[in-house]
Amino acid sequence: MAGVWSLGDACRVVAARGRLMQALPSGGVMWAVEAEESEITEGSGVWVAAVNGPSSLVLSGEEGPVRTVAEGLAAVGRRVKRLAVSHAFHSGLMEPVLADFAEVLAGVEFAEPVVPVVSNVTGRVAGEELCTPEYWVRHVRATVRFADGVRAVRAQDVGTVLEVGPDASLAPMVRETAPDLLALGALRKGRDETRSLVGALGRLHVRSVGVDWSALLAGARRVDLPTYAFQHSAYWLETTRDEAGGGTSESLYAPVWQPVETVTPSAARWAVIGRPDGRAGALAKGLAQQPGNVVDVHPGPESLDGNAEFVVLPLHDTADDDRDGGDPVAVRRVTHDALVRVQGVLAQERLSGTRVVVVTGAATTGGPARAAAWGLLLSLQTEHPGRFVLVDLDDDGTDVPALAHAVATALSGAPGGEPQVAVRDGRLHVPRLTAATSAPGAVSAPAGPRRHGTVLVTGGTGELGALVARHLAAEHGVRDLLLLSRRGADAPGAGELAVDLERVGARAQFTACDVADRDALAAVLAAIPADRPLTGVVHTAGVVDDGIVTALTPERIDTVLRPKADAAHHLHELTRYLNLTHFVLFSSAVGTLGGAGQANYAAANAALDALARLRHAHGLPATSLAWGLWGTGGGMGGRIGDVDLRRMARAGVLPLDAERGLGLFDRAWAASDTAVLVPMRTDPAVLRGRAEAGSLPAALRTLVPQTQTQTQTQTQTGNQHPVGDSFGDDTVSGQASDAYARWLAELPAAERAGKLLDLVRSRAATVLDYPSPDSLDVRRPFREVGFDSLTAVELRNSLAAATGLPLPAALVFDHPTPASLAEQLDKRLLDHLGSAGSQRRPGVPALLDQLEAALAELSADAPDRPRIAARLSTLATAGAPAQPLPATADAHADAPGEHDVDTRLAEASDDELLDFIRTELGKE
């Protein structure tokens with residue numbers, strides 16, 4: 001590239017150098033060690049082959065002496081790693097080839113470089129020596145002074161460097177020596193080459209480095225961006241924070257249940273669904289103990305008339321769901337039952353405006369089966385915000401009397417209330433995430449070879465499984481890895497993974513195994529050599545089959561349960577009597593927080609969390625990591641689109657890159673006293689903003705210190721029940737949405753239709769992350785602009801929050817364009833307010849007060865005053881009993897005259913005048 005040699009001469013030099021080195025006798029070694037150059041004494045078979053950073057060296061030479069130095073460094077806590085090489089390059093063992101290599105160099109032509117070259121031999125910008133054979137002979141034997149070269153580049157005021165090669169292996173070394181120097185890799189191992197290259201060029205471009213775009217994009221043309229400063233449209237993907245992670249926080253959190261002050265309930269009408277002689281009957285008796293309550297028991301939701309204020313849906317009628325530690329049969333039975341029951345309620349549209357209280361039994365303290373149902377219900381809540389309340393009774397015998405108090409507590413307090421309440425020994429608790437104080441800080445590098453047996457990784461050839469396998473081998477000293485996957489060694493990337501693991505001294509056994517098949521898994525475990533016993537399990541396998549609750553089937557739930565929950569149960573049973581040191585389950589935060597469109601995935605991961613708690617209760621090692629979003633670009637996280645990523649960022653949840661994720665994994669790997677941890681990256685500023693707006697999910701409130709403003713907001717809202725979306729800022733209090741609905745209803749029809757259409761377009765644009773509502777064609781179907789079942793639910797929730805209307809889940813697809821959806825909202829708005837209009841109309845005294853005030857503003861000579869007075873006179877006598885008239889009056893009445901007609905006309909209402917015209921004149 002620098003022009004020192006022609007292409008032909010360069011090929012001859014490279015080929016000769018490689019041939020001569022390979023002809024040397026084998027036996028030399030190279031080790032990467034953590035040490036400063038001044039700590040190493042060369043000689044006696046040890047040479048410094050490279051200085052890659054301030055404390056990053058490569059030693060080369062004879063095997064015995066180099067290994068002795070490396071082991072001595074490891075003994076004092078330094079990182080060391082043997083490199084997979086054939087010879088001891090850049091050492092005295094290269095001496096035998098130098099003369100022959102000099103002869104090759106004598107036959108090539110040298111030229112002055114056309115661009116400056118930083119020498120790896122001297123660590124400085126090269127001079128005339130670059131054009132001599134002696135320099136290149138020395139290059140074979142001498143230390144590679146990479147760190148000095150980086151300093152030389154920085155001294156030239158260079159701010160950006162690009163690594164051109166198959167992997168960005170040098171870029172981290174650059175950052176170690178010069179942290180303020182941006183080092184980019186043109187390609188990244190395991191990633192699409194085109195995407196990596198274009199991404200690197202884009203980053204160079206924004207740092208004012210000249211890029212020949214015409215060479216890359218043949219035939220492309222430049223377009224001008226808008227110049228109007230106050231109208232912004234995004235032309236490329238935006239990130240919420242810089243790549244250094246400024247303003248963000250990644251940490252381990254622990255889900256806990258905190259006591260909460262009990263709220264005294266008011267009298268209400270309750271409808272309990274189920275058998276009178278079963279759990280439903282017991283709950284009904286407990287509710288009836290509250291003074292003033294009216295409680296009915298109904299066999300099913302289809303028999304409800306919609307008049308109850310609360311519908312109670314009991315789950316877990318049997319007491320033996322988790323008798324076998326949550327075996328797959330029990331998990332399926334309980335989860336299927338929960339799905340069928342909530343779908344039965346959702347199918348009754350007349351109940352869409354009624355609050356539903358789902359009562360579970362020991363779902364938050366029991367085994368995986370009931371926990372799986374709880375996970376499904378958490379996602380149900382996110383799809384129908386404000387409609388469902390979850391109450392978990394640990395023991396019906398002692399906790400049923402507290403049910404009404406639990407519901408009152410759930411609907412009171414801070415904006416959003418407490419969507420989930422657990423009753424334990426009669427006391428109420430609510431879920432929160434807290435910092436996992438038991439986990440130590442960042443784990444340092446190992447202080448020498450660690451003693452591990454075989455570590456089994458499920459999903460071992462998938463993105464996360466391979467990432468973890470490499471990390472366990474490189475950073476935790478694991479030397480034997482059993483990597484299970486559907487295709488084993490035939491899986492894409494398995495060969496490359498094997499090479500990487502071998503390079504750091506680890507052995508990998510790739511085995512094709514369906515981990516949900518208990519017999520197949522047992523056979524694999526039985527084949528583990530006795531001299532390398534199983535000591536650790538990392539379960540990363542899983543699949544997704546996303547869909548909203550109304551679209552799920554038992555089969556779709558089983559699809560997700562099988563590789564996640566079934567496999568975890570089999571791993572637990574088959575290893576429980578082995579001497580394991582680690583049993584790590586890769587779960588998901590949706591099992592703790594819920595996630596719209598992921599009820600089956602939430603169920604499977606909640607089962608994993610419960611299994612970890614169960615193992616802890618039996619003194620067995622277990623950590624379930626309920627991960628937030630991984631942003632490594634592949635795997636299950638890779639299915640998330642850019643719109644969803646930006647939506648989640650607006651909610652305060654950011655993706656974890658590999659470095660951050662593995663750092664949290666290290667902390668969890670070292671923690672042994674916490675069964676469930678939530679590794680998650682958040683944006684504290686966004687969370688604070690949501691807390692101030694009253695839209696922060698209840699479980700996350702402990703992550704934001706409560707300010708005086710938030711306290712005042714909670715005090716002012718009191719018992720208002722906000723209806724909103726846990727992933728957006730559409731939360732509107734019930735009073736505010738009701739006021740908005742009444743305001744809409746009072747508008748003229750044409751104006752109201754326009755306002756509703758604007759509302760639909762603006763909320764749809766927000767869901768799709770469009771820059772403006774004007775981007776939406778009112779006649780174009782939602783499906784054509786990118787709506788799916790999940791975004792349709794999000795739009796429904798947003799419209800329900802704004803208007804206070806009970807809206808069905810299928811609303812968007814039943815009325816598939818913005819125009820038709822706005823028309824449907826108009827109809828529902830008028831129907832809803834019309835049915836309740838008589839309840840909201842002021843009494844007659846209040847109306848008279850308003851009328852009196854209005855007349856006081858009317859001047860005495862106003863032309864409408866006589867007519868208004870006559871109308872009031874007519875209203876005053878309307879409906880009153882007829883009174884006998886004096887004889888003179890009767891006589892006068894029998895001979896109507898002109899004055900009587902005028903009076904009657906003056907006193908007539910508008911409707912009476914129209915009737916008179918139609919009757920007398922035959923037209924209007």
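Counting heavy atoms from C-beta on, the side chains of Val356 and Val389 never come closer than 4.5 Å. By the 4.5 Å heavy-atom criterion applied to side chains, Val260 and His429 are not counted as neighbours. Contact annotation: the side chain of Pro431 approaches that of Trp257 to within less than 4.5 Å [non-hydrogen atoms, C-beta and beyond]. A 4.5 Å side-chain heavy-atom check between Leu433 and Met680 finds at least one atom pair inside the cut-off. Inter-residue side-chain proximity for His569 and Pro368 is flagged as unmet; no heavy-atom pair is nearer than 4.5 Å. Looking only at side-chain heavy atoms (C-beta outward), Leu403 and Leu287 come within less than 4.5 Å of each other. Taking the side chain as every heavy atom from C-beta outward, Leu744 and Leu756 approach each other to under 4.5 Å. Put simply, the side chain of Leu821 reaches to within 4.5 Å of the side chain of Leu795, judged on heavy atoms.
The minimum heavy-atom distance linking Leu799 with Val760 is given by the pair CD2-CA, 4.2 Å. The minimum heavy-atom distance between Gln348 and Gly344, with the atom names listed, is CG-O, 3.5 Å. Across all non-hydrogen atoms, the minimal contact from Leu378 to Gly594 is CB-CA, 3.7 Å. Scanning all heavy atoms of the two residues, the minimum distance from Pro419 to Ala698 falls at CD-CB, 3.9 Å. Gly597 and Glu383 get closest at one heavy-atom pair: N-OE2, 2.9 Å. Across Ala373 and Val334, no two heavy atoms sit closer than the pair CB-CG1, 3.9 Å.
For CZ of Arg427, the number of neighbouring non-hydrogen atoms (other residues, nucleotides, ligands) closer than 6.0 Å is 12 at most.
Here CG of Leu377 is found 6.0 Å from CG of Leu315. Values are rounded to the nearest 0.5 Å. The distance from atom NE2 of His832 to atom CG of Leu825, rounded to the nearest 0.5 Å, is 12.5 Å. The distance from atom CD1 of Ile557 to atom CG of Asn600, rounded to the nearest 0.5 Å, is 6.5 Å. In this structure, the separation between CG on Leu776 and CZ on Arg761 is 6.5 Å, given to the nearest 0.5 Å. How far CG of Leu313 is from CD1 of Ile273: 5.5 Å, rounded to the nearest 0.5 Å. Note that the CD atom of Gln824 and the CG atom of Leu805 stand 10.0 Å from one another [nearest 0.5 Å].
Applying the ring-ring contact (aromatic ring centres under 6.0 Å, His included) test to every pair with at least one member in residues 272-297, sequence neighbours left out, gives no pairs at all. Every pair tested for side-chain hydrogen bond (donor to acceptor under 3.5 Å, both in side chains) that includes a residue from residues 280-291 fails, sequence neighbours excluded, so the list is empty. Listed by first and then second residue, the ring-ring contact (aromatic ring centres under 6.0 Å, His included) pairs involving residues 343-377 amount to none (not counting sequence neighbours). The list of ring-ring contact (aromatic ring centres under 6.0 Å, His included) pairs with a residue in residues 330-355, not counting sequence neighbours, is empty.
Classification of the Tyr740-Trp743 ring pair by plane angle, with boundaries at 30° and 60°, yields parallel. Using cut-offs of 30° and 60° for the angle between ring planes, the Phe787 and Phe782 rings count as perpendicular.
Looking only at distances, a side-chain donor or acceptor of Arg355 sits under 3.5 Å from a matching main-chain atom of Gly386. Without hydrogens or angle criteria, His316 side chain to Gly361 main chain gives a donor-acceptor distance under 3.5 Å. Counting only distance, with no hydrogens or angles, the side chain of Thr803 and the backbone of Ala741 share no donor-acceptor pair below 3.5 Å. In this structure, the side chain of Ser379 does not engage the main chain of Leu376 through any donor-acceptor pair within 3.5 Å. The closest donor-acceptor contact from the side chain of Asp399 to the backbone of Asp394 lies under 3.5 Å. Listed for the Lys564 side chain is a donor-acceptor partner under 3.5 Å among the backbone atoms of Ala541. No donor-acceptor pair under 3.5 Å is formed between the side chain of Ser587 and the backbone N or O of Ala626. Between the side chain of Thr559 and the main chain of Glu555, a donor-acceptor pair closer than 3.5 Å is present.
For the pair Glu784 and Arg779, the salt-bridge criterion is not met [side-chain N within less than 4.0 Å of a carboxylate O]. Taking the charged nitrogens against the carboxylate oxygens, Arg341 and Asp337 do have a contact shorter than 4.0 Å, which makes a salt bridge. A salt bridge links Glu418 to Arg432: at least one charged side-chain nitrogen sits closer than 4.0 Å to a carboxylate oxygen. Classification of Arg556 and Asp545 as a salt-bridged pair holds, one side-chain N sitting under 4.0 Å from a carboxylate O. A salt bridge links Asp514 with Arg562: the closest approach of a Lys/Arg side-chain nitrogen to an acidic carboxylate oxygen falls below 4.0 angstrom. Ion pairing between a basic and an acidic side chain is recognised when a charged N comes within 4.0 Å of a carboxylate O; Asp558 and Arg332 show such pairing.
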Intermediate values then yes/no, side chain to side chain contact (heavy atoms under 4.5 Å, CB included), Val294 and Glu309:
CA-CA 10 Å; Val294 177; Glu309 296 174 62; over 6 Å; no
After noting the C-alpha distance and the side-chain angles of Arg752 and Leu830, does the key distance pass the side chain to side chain contact (heavy atoms under 4.5 Å, CB included) rule?
CA-CA 11 Å; Arg752 181 174 62 253; Leu830 296 180; 3.5 Å; yes
Apply side-chain hydrogen bond (donor to acceptor under 3.5 Å, both in side chains) to the pair Thr817 and Ser820, showing each step before the final yes or no.
CA-CA 5 Å; Thr817 67; Ser820 62; 3.0 Å; yes
Test log, rule side chain to side chain contact (heavy atoms under 4.5 Å, CB included), inputs Asp392 and Val423:
CA-CA 6 Å; Asp392 184 46; Val423 185; over 6 Å; no
Starting from the C-alpha separation in whole Å, work towards a yes-or-no answer on side chain to side chain contact (heavy atoms under 4.5 Å, CB included) for Val421 and Val407.
CA-CA 8 Å; Val421 179; Val407 175; over 6 Å; no
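Only one option out of Arg613, Arg424, Gln420 pairs with Thr364 in a side chain to side chain donor-acceptor pair (under 3.5 Å); it is Arg424.
When the ring pair (Phe, Tyr, Trp, His ring centres under 6.0 Å) test is applied to Trp270, the partners found at least two apart in sequence or on another chain are Phe310. Considering only residues two or more places apart in sequence or on other chains, Asp296 meets the salt bridge (Lys or Arg N to Asp or Glu O under 4.0 Å) condition with Arg269.
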